[in-house]
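All remarks here apply to the structure that follows.
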Amino acid sequence: MFLSVFDIFKVGIGPSSSHTMGPMVAAAAFLDRLRASPFQAHGVRASLHGSLAFTGVGHATDRATILGLAGFLPDTYDADAAAVALETIKSTKTVTPAGLGVLQFDPTADLRFDFGPALSGHANGMILSATDAQGDVILSETYYSIGGGFVLTERELAAASDTTNVGPDVPFPFTSAAQMLDMARDSGKSIAEMKRANELAAMDAQELEHGIDRLWQVMNDCIDRGLNTDGILPGGLNVKRRAKGIYDALQAERGMNMTAPHTINDWMSVYAMAVNEENAAGGQVVTAPTNGAAGVVPATIRYWLDHVPDAAPSKIPDFLLTAAAIGGLVKHNASISGAECGCQAEVGSASAMAAAGLASVMGGTPSQVENAAEIALEHHLGMTCDPVKGLVQVPCIERNGLGCIKAVSAASLALRGDGSHLVPLDAAIETMRQTGEDMSDKYKETALGGLAVNIPNC
């Protein structure tokens, strides 16, 4: 198995990696297939199924699909250009992706939400089609957005040929936490060192360094934007941005003797909330491992840098590489998709990744790092995904703050021990997979259960 740090952490846009980034990536893949086909397309169509339909408007799936068919990509997304393109598409009822000319596409007629049963392959399914001048379908493909911005075609999914697992031979090909610890013990290397060696089998050191630097830059910029922006989040719930107000108050209280020790939790929360408010507003974020859980890892890093003595920015690559190793194990052996396993797979996975990264940069042994990840994941088991009105706002924004707090607590507890513990990380990951498999679909990102039906959303 090879999942790069740049598979787990991707620069993209909010509010959802599965429902926004994934459909945009799928549309881009379909355009590539259309460019390579012998057919002359006259128009394009899209239908959204399962969770993509039920939470599609709240997660901007419709917008992402339209823009994807117009040639936009998450990594290079320009919000101003997108706004202009959407207005043009709406008025002309056409898209003009590069290399394909003018294609007929009426968003009100050619983008359909199918609220029937989900497609057979995954809860997040979509069908993209190209038509000729008579309106007959000349090319069609089914795509599944499987979490974290990963997309597979129906054939790839059926063949279990997740292309993200295809890569070069690597020196430390661990597929379980147990293997990871064995390789660390035998090699004398840290988890970050093994992960770095694996990455260097696919790219040179400068490319890896620059790529990781960009990830942290986007993460940190996202925190700063969120800490300095107020207003009401879009979507109709009238949720007020709170990060700026909390941050301003915390800064004013700094140095005051009256500040209670537990206020440090507010700092952790506000960093995470800043990210997820930006995500909810459709801003640029980094999947970590998903958009819905994008605040946990950067908030933990920012907490460490700003509040922990001797924290050094030079160690951020070790943090992210260690976190990516844990995220890769979770994705490979269970899921990082809320549509598959609920929020335990998103914020739970993110908390485990953050706990591992923090334990690593604070001097933890591989066993302590694995213990930190296990503690954090174990105490998210069973967490449902129940966004009110299908928006990545309630309970998602605060939930990232609590995920960060749990990550820091888990790392601290693990560092107090010697790495030995009763429940292995592999067991926690497998338990999460089984729990998600048993969980009712209405608690897995469809907005049909939990808070989503018990909170008035109009």
In short, G147 meets S337 closest at the heavy-atom pair CA-CB, 4.0 Å
Indicate yes or no: at least one non-hydrogen side-chain atom of L181 is less than 4.5 angstrom from one of F174. no
Would the distance check show the side chain of S17 and the main-chain N or O of T290 forming a donor-acceptor pair, the cut-off being under 3.5 Å? no
For I326 and L425: C-alpha separation, side-chain torsions, deciding distance, then whether side-chain contact (heavy atoms from CB on, under 4.5 Å) applies. CA-CA 9 Å; I326 300 303; L425 176 59; 4.0 Å; yes
On a heavy-atom basis, the closest approach of A288 and A350 is O-CB, 3.4 Å
Is it true that a side-chain atom of N198 and a backbone atom of V170 form a donor plus acceptor pair closer than 3.5 Å? no
Check whether any side-chain N or O of N333 sits under 3.5 Å from a backbone N or O of L329 as a donor-acceptor pair, and report yes or no. yes
Using modelled atom types only, decide if a donor and an acceptor are shared between the side chain of N276 and the backbone of I397 within a distance under 3.5 Å. no
Please lay out, stage by stage, how S176 and Q179 fare under the test side-chain contact (heavy atoms from CB on, under 4.5 Å). CA-CA 5 Å; S176 69; Q179 288 181 341; 3.3 Å; yes
How far does CE of M273 sit from CG of N279, to the nearest 0.5 angstrom? 13.5 Å
I want to check something: taking the side chain as every heavy atom from C-beta on, are T287 and P289 in contact at a cut-off of under 4.5 Å? no
Working note: E278 + R241, criterion salt bridge (charged side-chain N to carboxylate O under 4.0 Å, His left out); need CA distance, chi angles, decisive distance, verdict. CA-CA 9 Å; E278 280 294 294; R241 284 181 179 250; 3.0 Å; yes
Salt bridge (charged side-chain N to carboxylate O under 4.0 Å, His left out) between D318 and K315: does it pass, once the steps are laid out? CA-CA 5 Å; D318 283 353; K315 292 184 179 179; over 6 Å; no
Pair S145-H19, side chain to side chain donor-acceptor pair (under 3.5 Å): steps then yes or no: CA-CA 7 Å; S145 180; H19 296 77; over 6 Å; no
Once rounded to the nearest 0.5 Å, what's the spacing between atom OG of S16 and atom CD of E445? 5.5 Å
Over all heavy atoms of both residues, which pair between S335 and A345 is shortest? Give the atoms and the distance, please. O-CB, 3.3 Å
For L358 and V361, run side-chain contact (heavy atoms from CB on, under 4.5 Å): C-alpha distance rounded to whole Å, both residues' side-chain angles, the deciding distance at 0.1 Å, then the answer. CA-CA 5 Å; L358 183 59; V361 297; 4.3 Å; yes
If you measure from CG on L320 to CZ on F6, what distance do you get to the nearest 0.5 Å? 9.0 Å
Do the non-hydrogen side-chain atoms of P424 and E374 ever get within less than 4.5 Å of each other? no
Considering only heavy atoms from C-beta outward, does the side chain of K389 approach that of V394 to under 4.5 Å? no
What closest approach, in Å, do K240 and E277 show between heavy atoms, and which atom pair accounts for it? O-OE2, 4.3 Å
If you apply the rule side chain to side chain donor-acceptor pair (under 3.5 Å), what do you find for E370 with H421, and how did you get there? CA-CA 10 Å; E370 184 262 0; H421 53 107; 2.6 Å; yes
side-chain hydrogen bond (donor to acceptor under 3.5 Å, both in side chains) with Q251: which residues, sequence neighbours excluded? Y247
Just by distance, no angles: are the side chains of E398 and S269 close enough, under 3.5 Å, to form a donor-acceptor pair? no
Return yes if some donor-acceptor pair links the side-chain N/O of T384 with the main-chain N/O of D386 below 3.5 Å, else return no. no
What distance do L321 atom CG and I8 atom CD1 have between them, rounded to the nearest 0.5 Å? 12.0 Å
Test side chain to side chain donor-acceptor pair (under 3.5 Å) on E253 and T263; report intermediate values, then the result. CA-CA 10 Å; E253 295 168 7; T263 301; 5.0 Å; no
NZ or CZ of K10 within 45° of F150 ring axis and under 6.0 Å: yes
Are R399 and M383 side-chain neighbours, meaning at least one heavy-atom pair lies under 4.5 Å? yes
H380 vs K406 side-chain heavy atoms within contact, under 4.5 Å: yes
Could you measure the distance from the OH atom of Y144 to the CG atom of L52? Nearest 0.5 Å is fine. 10.5 Å
Report, as yes or no, whether the 6.0 Å neighbourhood of atom CG on D310 holds more than 12 heavy atoms from other residues, nucleotides or ligands. no
Would you please classify the geometry between the W267 ring and the Y271 ring as parallel, tilted or perpendicular, with 30° and 60° separating the classes? tilted
Are any non-hydrogen side-chain atoms of R196 and P317 less than 4.5 angstrom apart? yes
Could you tell me whether R242 atom CZ has more than 12 heavy atoms of other residues or ligands within 6.0 Å of it? no
Are the side chain of N228 and the backbone N or O of D224 linked by a donor-acceptor pair below 3.5 Å? yes
Side chain E346, main chain C385, donor-acceptor under 3.5 Å: no
Side-chain donor or acceptor of N400 paired with backbone N/O of G295 under 3.5 Å: yes
Residues forming a salt bridge (Lys or Arg N to Asp or Glu O under 4.0 Å) with R63, sequence neighbours excluded: none
Whether T20 side chain and H59 backbone form a donor-acceptor pair below 3.5 Å: yes
Do you know which two heavy atoms are closest between E156 and V151, and how far apart they sit? OE1-O, 4.3 Å
Could you tell me if the side chain of V5 sits less than 4.5 Å from the side chain of L208, heavy atoms only? yes
Trace of the side chain to side chain donor-acceptor pair (under 3.5 Å) decision for R302 with N220: CA-CA 8 Å; R302 184 68 172 262; N220 201 37; 2.8 Å; yes
Counting heavy atoms not belonging to Y77, are there more than 12 under 6.0 Å from its OH? yes
Does K444 reach the main-chain N or O of G338 with its side chain, forming a donor-acceptor pair under 3.5 Å? no
Using residues 23-30 as the side-chain source, report each donor-acceptor pair under 3.5 Å to any protein atom, sequence neighbours left out, with the distance given to one decimal.
none

What is the distance from atom CH2 of W216 to atom CZ of F319, rounded to the nearest 0.5 Å? 8.5 Å
Test: K195 cationic atom under 6.0 Å from F2 six-membered ring centre, within 45° of axis: yes
Please name the pair of heavy atoms, one in I223 and one in P298, separated by the smallest distance, quoted to 0.1 Å. CD1-O, 3.6 Å
Given salt bridge (charged side-chain N to carboxylate O under 4.0 Å, His left out), test R225 with D221 step by step and report yes or no. CA-CA 6 Å; R225 287 196 310 273; D221 288 349; 5.4 Å; no
Taking it one step at a time, do R35 and D32 satisfy side-chain contact (heavy atoms from CB on, under 4.5 Å)? CA-CA 5 Å; R35 292 183 186 102; D32 284 341; 2.8 Å; yes
